[in-house]
2 protein chains.
Amino acid sequence: MANPMYRQIAEDLQGQIKTKELRPGSQLPTELELRDRYSASRNTVRDAIKWLTNLGLVTTRPGQGTFVVEDTDPFVTTLSGDPKTGFGGGEGTRYRSEVTKRNKEPTTSPIQVEIQEAEPDVAQLLGKPGGIVVISRHEKRFIDGKPWSMQTSFYPMEFLSRGADRLSQPFDIEEGTVQYLANTVGIHQVGYRDWLVVRAPDTPEAIFFQLPPDGRTSIIQISRTAYDGNEQPMRVTVSVYPADRNQLLFEFGQVPKQDTDRES
Amino acid sequence: MANPMYRQIAEDLQGQIKTKELRPGSQLPTELELRDRYSASRNTVRDAIKWLTNLGLVTTRPGQGTFVVEDTDPFVTTLSGDPKTGFGGGEGTRYRSEVTKRNKEPTTSPIQVEIQEAEPDVAQLLGKPGGIVVISRHEKRFIDGKPWSMQTSFYPMEFLSRGADRLSQPFDIEEGTVQYLANTVGIHQVGYRDWLVVRAPDTPEAIFFQLPPDGRTSIIQISRTAYDGNEQPMRVTVSVYPADRNQLLFEFGQVPKQDTDRES
DNA sequence: GCAAATTTGTTCGTATGTATT
DNA sequence: CAATACATACGAACAAATTTG
C-alpha cells in the first residue's frame with residue numbers, strides 16, 4: 001500500500017491495457033464510472049488518467065472520452081548508404097523508394113529556400129564557429145498525408161557563385177545534390193557524420209507534427225555533416241522525426257537486404 | 001485570453017527560464033508565493049508547474065522546492081567503426097576509450113551471463129522467428145558513478161559447443177568478442193545493422209537510471225545485429241541509453257577526427 | 001537527537017467552462 | 001438545444017519529505 005491511490009488505479013488500468021482486456025482504440029469507462037468503481041473522487045481518477053497519458057498509454061478527447069492508444073505502424077528509415085553517392089544527399093530519391101516499398105503514399109512539400117546567417121549549431125558543424133552565411137533548403141514530408149518528418153540542408157553561400165545556382169531554386173535536384181555539387185563545384189563527398197539527439201519538440205514542430213502541446217512526444221534530431229576529400233564540411237542536413245512514429249536503421253559493412261517487416 | 005490560466009503562468013515562468021532570469025539550478029518561488037503573485041489558487045499554480053515539469057524545464061523535490069533543471073553535459077557515444085574489427089563487438093574497449101577522453105571515470109558492472117530462450121524480438125533479429133536458445137551477456141555502465149547505459153549481447157547457444165566457451169564465463173573478453181569468435185569458432189563479422197527506437201522506459205530501466213517513474217524521460221534503444229560472411233546473423237546486442245544524458249554519433253566513409261567538444 | 005517550520009504530494013468536494021454527440 | 005464527457009479552477013485538509021533551530 002505504499003503507492004498513492006491514483007497510482008494504484010493507474011496500475012490497475014495499465015494491467016488491463018497490457019492484457020488487452022482494454023483493447024487498443026477502445027474507450028475507457030468515463031471518469032464518473034471510474035470514480036464509482038474505485039470509490040475515489042473524480043479528481044483522483046483524473047490523476048490516474050493523467051499518469052497513463054504521460055506514459056503514452058491513453059489519450060483523452062474532450063466531449064468524447066478516454067481511449068487506449070492504437071499501435072501505429074512505425075515508419076522505418078534507413079539512414080546509411082554509400083557515403084559517396086545518392087543517398088548521402090539526404091534529399092529526395094532514397095526517401096521515396098524507402099516509403100513506397102511499404103505501401104504508403106509519400107509526398108513532400110515544395111522546397112523552401114532561404115539565405116540566412118547560420119545558427120551557431122550549424123555554423124559550428126560547418127567548421128565556422130564565428131558564423132557563416134548559408135543557403136538553407138527546407139522540406140516537409142508526409143506519408144499518407146500525415147506529417148512524418150522535416151529536413152533542412154545548409155550549404156555554404158559560396159557554392160552559388162561557384163556555379164551551383166540550382167541550390168537557390170525551390171525545386172528538387174533530381175540527380176541528388178551530391179552528384180550535382182560534384183558536377184558543378186567539383187566538390188566530392190567522401191563521408192559523413194550523423195549526430196543524434198533526442199529532445200522535446202519546439203512549438204513549430206509540435207504544430208506541424210500535430211503533437212500534444214505538452215512536449216510528451218520526443219523529437220529525434222539527426223544532424224548530418226558531410227565532408228569532402230579535404231576533410232572540410234560541405235553540407236549540414238538537419239532532419240527531425242517525431243519519436244512516436246519513427247524508427248531508424250544504420251548499416252555498416254556487408255549487411256543482407258532488409259527483411260522489410262518486423263514488429264517492435 | 002485563449003489560454004487557460006495555468007498555461008499563462010507556465011508561459012510566464014518559461015519566459016523567465018529562457019532569459020536566465022531564473023537560472024539553471026536555482027529555486028523557483030514556492031507554490032504559496034506563486035499563488036499570491038499570480039492571484040491564483042495553489043492547485044492552479046501546481047498545474048502550471050506540472051506543465052513545466054513535463055516539458056523538462058523544472059523538477060520538484062518534496063520538502064525542498066521546485067528547481068530549474070541544470071544543463072547536463074551529455075555523454076557522446078560513437079556507434080560506428082570498422083565493421084570487421086574491435087568495436088563491432090560493442091563490448092568493452094571502445095567504450096572505455098571514448099569515455100576517458102572526456103575526463104570521466106567510466107566503470108562497468110561485472111558481466112552477468114545467462115542461458116535463456118530469446119525474446120521474440122531478439123529471435124527475429126537472429127533469423128530464428130520460431131525461437132532460439134541463447135547466451136546472454138549483460139553489463140551495466142556508469143560514468144563518474146552515475147548510471148549511463150545498459151547492454152546485453154545475445155549469442156547462439158551452439159557457439160559454446162563449437163569452442164567459444166569463454167562466452168559463458170562472467171568475465172570481460174579483452175581482445176573483443178569479434179576477434180575471439182573469429183579465433184575459436186571461425187566466424188568472421190563483416191557488417192552490422194543498427195535498429196534505433198525511442199520508447200518509454202520499463203520499470204527496471206527507470207530504477208537503474210534513476211528516472212522519474214512517470215516515463216517522461218525516453219530511452220534510446222539500439223539493437224545491433226552483426227552478420228558473418230554468409231549473411232547469417234551471428235550476434236544481437238541491445239543497448240539502452242536514457243535520452244536525457246546521451247547523444248550518439250554515426251560515421252560513414254572518410255570523416256575527420258572528432259573535435260571532441262561541442263554544445264547543443 | 002528531536003521538534004518545529006517549510007515545502008511539495010495526495011485526496012476530497014464543488015462549480016463552471018468547453019467540446020462533441 | 002440538450003445530454004454527455006473531459007478541462008479548468010477554487011478551496012480545504014492532511015500526509016510526507018526535508019531543512020532548520
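- The CG-P distance, from A/L32 to C/dC12, rounds to 14 Å in whole Å.
- Of all nucleotides listed (C/dT10, D/dA9, C/dT8), C/dT10 comes nearest to the side chain of A/P4.
- By the salt bridge (charged side-chain N to carboxylate O under 4.0 Å, His left out) test, B/R245 pairs with no residue at all, sequence neighbours left out.
- When distances are taken from the side chain of B/T30 to each of C/dT7, C/dT10, D/dC6, the shortest belongs to C/dT7.
- Here the rule is salt bridge (Lys or Arg N to Asp or Glu O under 4.0 Å) with B/E31, and of B/K50, B/R37, B/R46 only B/R46 fits it.
- In this structure, the nucleotide among D/dT8, D/dC6, C/dT11 sitting nearest to the side chain of A/T44 is C/dT11.
- Within 6.0 Å of atom CD in B/Q14, more than 12 heavy atoms from other residues, nucleotides or ligands are found, so the atom counts as buried in its surroundings.
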Do nucleotides 11-20 of chain D as a string where each nucleotide becomes B, S or -: B if the base has a protein heavy atom under 4.0 Å, S if just the sugar-phosphate does, - if no protein is that close. BBB---BSS-
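- In this structure, of C/dT8, D/dA9, D/dC6, it is D/dA9 that holds the atom nearest to the side chain of B/Y6.
- Between B/I49 atom CD1 and C/dG9 atom C1' there is a gap of 12 Å when expressed in whole angstrom units.
- As a whole-Å value, the separation of A/R46 CZ from C/dT14 P is 17 Å.
- Comparing B/T66 and A/S39 by the nucleotide of DNA chain C whose heavy atom lies nearest to each, the residue mapping closer to the 5' end is B/T66.
- Computed from coordinates, the A/R7 CZ to C/dG9 P distance equals 13 Å when rounded to whole Å.
- Atom-to-atom, CG of A/N3 to C1' of C/dT10 comes out at 12 Å; the value is rounded to the nearest Å.
- A straight line from NZ of A/K50 to C1' of D/dC6 spans 11 Å, rounded to a whole angstrom.
- Both tests pass for B/R7 against the ring of B/W51: distance under 6.0 Å to the centre and angle within 45° of the axis.
- The residues A/R137 and A/E139 are annotated as not salt-bridged, no charged nitrogen and carboxylate oxygen being separated by less than 4.0 angstrom.
- One can place OH of B/Y38 at 14 Å from P of D/dC10, the figure rounded to the nearest angstrom.
- When rounded to the nearest whole Å, the span between CD of A/Q8 and P of C/dG9 equals 19 Å.
- With B/F208 as reference, B/F142 is the one residue of B/F142, B/W148, B/Y241 to meet the ring pair (Phe, Tyr, Trp, His ring centres under 6.0 Å) rule.
- The environment of A/E205 atom CD is dense: over 12 non-hydrogen atoms of other residues, nucleotides or ligands sit within 6.0 angstrom.
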